Amino acid sequence: MKKIVVIALLISASNSFSQYYKTYDWETNPKIQELKSYELQESSVAILKRNIVEYVQSKTTKNIIVLETTHNIIHVSDEKGIQRHNQVYIPMRGETKLRGIKARTIAKDGSITNLDENNIKQVENIDSYGNFQIFAIEGAQIDSDIELLYTTERSYTPFGSELFQTDYFIRRAEMVFITSELFGQIKTYNTDQEFERTYLNNLLVQELVLSNIPPIAEEEYSATDANKIYTAYQCFGNTEVTQDILWSNTIGNLAKDLFPLETNETVFKEVEKNIIKTQDSLSVFEKSAFVDNYIKSNFTVVENRNTQLEEIDYILKNRSSSDFGILKVYGHFLRALDVDYEIVVTANRYTHRFDPEFYNPNALREFLIYLPEIKQYISPTRIDYRISEAPTNILGNYGAFVNKDLEFHFSKITQYDPEYSRIKRVMDINFSEEFDKVTVDESQEYYGHWGVQNRAYMALMTGDNKANFKDYLTGSGIEDKKVIKLELDNTDMNQTVYNLPYIVNSTIESSALIEDAGGSYIFQVGKIIGIQSELYQETKRLNPIEMQYPNRYNYTITVDIPKGYSLEGLESLVIDKKLEVDEKLLCKFQSNYKIEKNKLVISIEEEYKVNEYAIEDYEAFRHVINAASDFNKAAILFSEE
Amino acid sequence: MKKTLFALILICQISWGQHPIDFDNEDYYFLKRSHHLKIELVEQKLKIENEVFEKAKFNNGKMLYLFGSGEYIHFDSFTEIENIDAFTETSSGIIKVDHFETKDQFGGGVFFSDQQSINFVFPAVGKDAVTTLRYKEIIEDPHFLGSFRFGTYVPTKEAVYTIEVPKGVELGYKTFNLDSIDITYEKIENKKNTLYSWKANNIKQFRKSEESLSVLNYLPHIIVHIKNYTVKRKTIPVLNDVSDLYAWYHSLTSQVDETNIAEVHAIADKIVDGLSSNKEKAKVIFNWVQSHINYVAFEDGLGGFIPRGSFSVCTKKYGDCKDMANLLYVMLNHVGVEAYHTWIGTRDRPYSYYEVPTPVVDNHMITAAIIDGTTIFLDATDSYVPFGMPSSFIQGKEALLGISKDEYRIIKVPVQEKEINHTVIKTSVSIKRDTVRATSTRIMKGYDMVDFIFDAKFKKDEKTDAEYLNSKYEIGNNKTTFSNIDLGDLNSLNDSYSIKYDIDIFNYSRTIGSKIFLNLTLEKTLAKDIILSENHPFGKKIDHKFVRDYSTTFVIPEGYQLKSIPENTANELEDYGFSFKYTLKDNKLTVDQQIYMNTLAIKNEQFENYNIFIKSLLKVYKKSIVLEKIQ
């Protein structure tokens, strides 16, 4: 998103201090590191990951620079470990300079291979990442230590962050934060450990030491990246800078162009010509939906460095915008239609948990438009979304809500309609006379996020992805499934009716669902609900549960019982699992059946009332999730009477 | 009435002559795509330019999103891009593209590359928009004339390829799959030059598909090359035939910097110390390079064709295919094993050196060694392939062996027979309530072994061993849990590999009344293999031939009798097959099941038969044994 620079806050004059990194070096005679018993299973172990961030002000020019030293010693134990660490990429954003670089490999026999600096290569303008210096580690082999030490110098930015948890085990992580007489603050996240003040080379510094950091656990239903251990820091020449000042200054700067005082003339004409001739009878929802549909059908959000993409006149003429510029377009169109809105500044909840207490530019990566009158959101950069509840990657995070007077407050981003996302499925099942084929007629209604996402999948996916999605819509996991009919309705992404369901009507045939068991027939009825995920837990759950959004499924499955047959094994259809906390139902899976004349009628209700669950409720949550997978195994036996 | 009839006849005639592409139903398509390749002799030197033109029409706004990340014009150090002109026409006028960015290419398995791209975004590609792109490629090296593809990722209404060649330059070309499209060809010879032209209409989309054969087997395209040119009555060869290609390749490999080669020789001597046969020596050297040199890919101009010196590779412990190939070449020859630099294309390049003597044919380098009169192909970029086997992705391909400065040989790499890639799975099964317990050993050879080790090392990620086995083999159902897993020593190189594990499968057998229904096919190889032709537009690719033998034993529990067992059955065809045999001895039932695959490709016309085969297999897979309680 937009680069946020708070240069104005920088008012200071202080003395220049010695640069600590110049005195820092690696061991002259390194020894290979022995692994501890609990580290032997790892492909690689960071014996040390040391990071020194040093803010230094020049005595003469008063310029501040940021020196960042990285010192890693990694023990690699197998090819995977080598491949993980033998290619080094040093980001060189903006005016970053390299102030010395060394790398070496210490082999098991103690021999050392040093990096030949001539082998360092530059690569430029790599997508959104900028420039890099890259090189491959020389001499890396199994059971060697790879050691890397380098310092970069970049021009002053008051903010930064460091990540301390990654995909490999870290025995010891250290961070040293040096601000000398400048005013620095640093905060740790996802750990209880805090920075301590200490002296290094007679220099007062803040230091953090962490031990035995496990690799990040990729768990289902979790915001793994947002749960990584990290630190965020700030450094100013002025002690009067508070978090409140930082937020209001930045948010004010960001939002001031997003509430135009006058609507652009071109926009007025476009509204009249292309959106609506008269707006008198339209609701706020309809007006906002028209605007969202129109902008997403006519403008492209572009990822490049063209600075004009934030200028409203250029955007309107060229129909191209940056992800920030497009907010201005929404501002003009909504104003033209007299729709009241707020801007929500927030972050993706899967990568960054918004912290109102500590200003961090990483928290300002996502922008939504909130419509207070109808409590709905527009996601300007999400082509797959249209006006809806908050999108799934934002729901549950905090955000700053800014109104047209540029006043803001922090609030958790929640769902307004608890019934928003649900699926209704009605299935009728018949068998062929020879009992070798089953036909399933199904009608489905997808509401809320389900509907929005299905429309986007079908419209935007191609090739194998689209084929897989069609498979999902007709019940996945049936090996010989033949789709006889697949009819979709309400498929256009540009809808103007609130929560219009996405409709799927299908007919499939399969022989694989019936097993001939010596004159009787086993019918794998559970398989018709499609593959259900099974949550395993061999190791202790580390992350709390975050589902995409609250949702509910209702199934009615009617099985025609052929004349002359009786049924056995119906008990596998009865399942009742739920999670209640403080007598409040949070989620459940309930299935049951009844026989009505010659029909077996199975009903299923699966519901997740909230999308966040505490880690201590994981076992009960898992049982509810796995109940669907249990039902998927359900089979009934038809025997001739 | 008469009028209606007339109209019908006209439509029929038109539709007979056209491919059924509904252009209006596409999100977008190309109105026209053309290349004009112009070769000139200027001041006795070749000057080569390729003018590229593309005009596309958009039928809806879906591409607004997909085009946001931009169009890329790719080029490398052998090419320059000039005179780019790009714009969008909409109902309200023309919008010119005014911002272009040049970027280095990065990723895609290549550590460092000389590939760059010019990136830009077509604005306003909403409904009815038409985009135009025009630019010129200056081709600096006459070995890289390239090719023209008549089809691309969306349909094309008109595709035109023209080539202008002056007198004195001899052109070679080879067409591929042109008989599948409506195309006209013309060759006009003028006083000063010759003009070749191919014009095609209504070409369907050609999109890569992961599980399909290479799209190049089906995509209509032309590869061109300059055979030679004559200046002042002297004919200068470029790529007349394979010998020219080889001469050029040889001139590049002879530039390898072999400083300190004696130290490499010393390492080789140490590796083979005490060994006498060439086979043993070659094996230990191959294994050494496999396990000591890490694969790091570089594509850097002509440097991308010249291997780095063997001492440098030994010291740095990394290299790409040509570096490893050259290191093997140096070491093997030093210890007395006859070995050659060898160029080869991977299976996704369906070309022959004889048909197209150009660098388009190959993209890989290996070493060929002649041991006891047999040629073996050594590709150390595959860290786990057993000595003597080529890597899977070069099976059946032509290899170009550089014998000496003037001598080369082309030999086909043999496709590895199914018996080489043999897996034996022995399982004993028991039941307790509806939970099945099983103990298995799995002995793998050939590419089955290579795949297992590679996946266990690199695709397992943070999964536990149990999660990994579960996702790889899908044994039982998704309630299967593994225990007592022994994945063996993944760091040792062997010709076969075995693993062991126990499993519990919950809700697997079914007790209904007095009967227990149990399906003894716990692992259903190929069960998901029914081919839907829309998902496999270009045939189905099979990585390697294989045979899998399953032997599953089940002891009838006390108090039960075996009421029925499925019939023995087999469907053994040339390209694939299976057999199931049930044997009851005392109270022990054994199922011997074999599945084999004896082809590397299922072509589109073979889909129907293949699906019939898979359905016959599925029919067997769903058969259970029935046990009944003894009253």
Side-chain angles (χ1 to χ4, degrees), chain A residues 78-80 82-83 86-87 113 121 123-127 134 136 138-142 167 215 217-218 296-306 308 317-320 383 459-460 462-464 467 479-480 511-512 514-518 522 531 534 536 538-539 568-569 629-630 633 635 637, chain B residues 61-62 64-70 95 99 101-104 106 111-112 119 121 123-127 207 209-210 292 294 296 315-318 383 457-458 461-462 464 466-467 477-479 481 490-491 507 510 512-513 517 519 527-528 530 532 534-535 563-564 615 618-619 622-624 626:
Chain A
D78 59 23
E79 290 108 313
K80 188 178 178 183
I82 294 174
Q83 287 205 6
N86 77 341
Q87 294 168 30
T113 311
K121 294 179 182 289
V123 286
E124 289 176 6
N125 197 9
I126 305 302
D127 295 332
I134 66 171
E138 299 176 13
Q141 50 190 295
I142 290 172
D167 52 353
E218 289 292 344
K296 283 174 179 158
S297 305
N298 288 282
F299 290 81
T300 303
V301 175
V302 171
E303 297 161 21
N304 68 27
R305 300 194 288 197
N306 182 1
Q308 291 175 290
K317 179 169 166 270
N318 290 281
R319 317 308 261 179
S320 301
I383 194 74
L460 302 174
T462 54
D464 293 351
E479 286 108 0
D480 68 339
S511 295
I514 305 170
E515 260 176 54
D516 180 353
I522 299 172
I531 293 173
E534 172 87 11
Y536 301 94
E538 293 178 52
T539 46
E568 289 178 77
S629 170
D630 290 340
K633 308 289 167 309
L637 184 76
Chain B
K62 287 180 197 168
L64 284 164
Y65 163 62
L66 293 173
F67 273 54
S69 52
I95 307 173
H99 184 85
E101 286 181 14
T102 302
K103 298 180 172 194
D104 286 346
F106 202 50
F111 176 63
F112 179 78
N119 183 218
V121 177
V125 289
K127 190 170 174 346
R207 257 178 218 200
S209 164
E210 275 299 302
H292 284 77
N294 302 300
V296 178
T315 314
K316 288 193 287 196
K317 301 255 181 323
Y318 67 78
S383 300
K457 278 175 178 266
F458 294 103
D461 297 324
E462 300 310 320
T464 62
E467 284 167 343
N477 57 32
N478 66 357
K479 298 270 179 197
T481 57
L490 289 163
N491 288 330
N507 292 359
R510 296 191 181 90
I512 299 174
F517 300 85
N519 188 324
K528 292 180 176 169
I530 285 189
L532 298 173
E534 66 258 36
N535 298 355
K563 184 147 185 260
S564 86
K615 281 181 184 167
L618 289 176
K619 216 168 172 181
K622 64 179 189 174
K623 299 213 166 173
S624 296
V626 184

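As the structure is a computational prediction, the values presented were derived from the model and not from experiment.
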Select one option (side chain, backbone, both, neither) describing which atoms of [X] are under 4.5 Å from chain A's heavy atoms.
X: B:Tyr318; result: side chain
X: B:Ile530; result: side chain
X: B:Ile95; result: side chain

Over all heavy atoms of both residues, which pair between [X] and [Y] is shortest? Give the atoms and the distance, please.
X: B:Leu64; Y: A:Lys296; value: CD1-O, 3.4 Å
X: A:Ile134; Y: B:Phe111; value: CD1-O, 3.5 Å
X: A:Ala136; Y: B:Val296; value: CB-CG1, 4.4 Å

Any side-chain heavy atom of [X] within less than 4.5 Å of one from [Y]?
X: A:Ser297; Y: B:Lys127; result: no
X: B:Arg510; Y: A:Glu515; result: yes
X: A:Ile142; Y: A:Ile82; result: yes
X: A:Gln83; Y: B:Phe458; result: yes

Which of the residues [options] is involved in the greatest number of heavy-atom pairs with chain B at under 4.5 angstrom?
options: A:Gly569, A:Ala635, A:Ala217, A:Pro215; value: A:Ala635
options: A:Thr539, A:Asp78, A:Asn86, A:Val123; value: A:Val123
options: A:Arg305, A:Gln141, A:Lys317; value: A:Arg305
options: A:Ile514, A:Ile531, A:Asn298, A:Asp630; value: A:Asp630
options: A:Ser320, A:Ala467, A:Ser629, A:Ala512; value: A:Ser629

Structural part of [X] lying under 4.5 Å from a heavy atom of chain B:
X: A:Asp480; result: both
X: A:Val302; result: both
X: A:Thr113; result: side chain

When B:Asn519, B:Asn507, B:Leu490, B:Thr481 are compared by non-hydrogen pairs under 4.5 Å with chain A, the top option: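 Option with the top pair count is B:Asn507.
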Out of B:Asn294, B:Leu618, B:Val626, which one racks up the most heavy-atom pairs below 4.5 Å with chain A?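 Among B:Asn294, B:Leu618, B:Val626, the one with the most close pairs to chain A is B:Asn294.
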Heavy-atom count check: over 12 atoms from other residues, nucleotides or ligands less than 6.0 Å from B:Lys457 NZ?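 Result for NZ/B:Lys457: enclosed.
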Does A:Glu124 offer a backbone N or O that forms a donor-acceptor pair with the side chain of B:Asp104 under 3.5 Å?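 Yes; at least one donor-acceptor contact below 3.5 Å.
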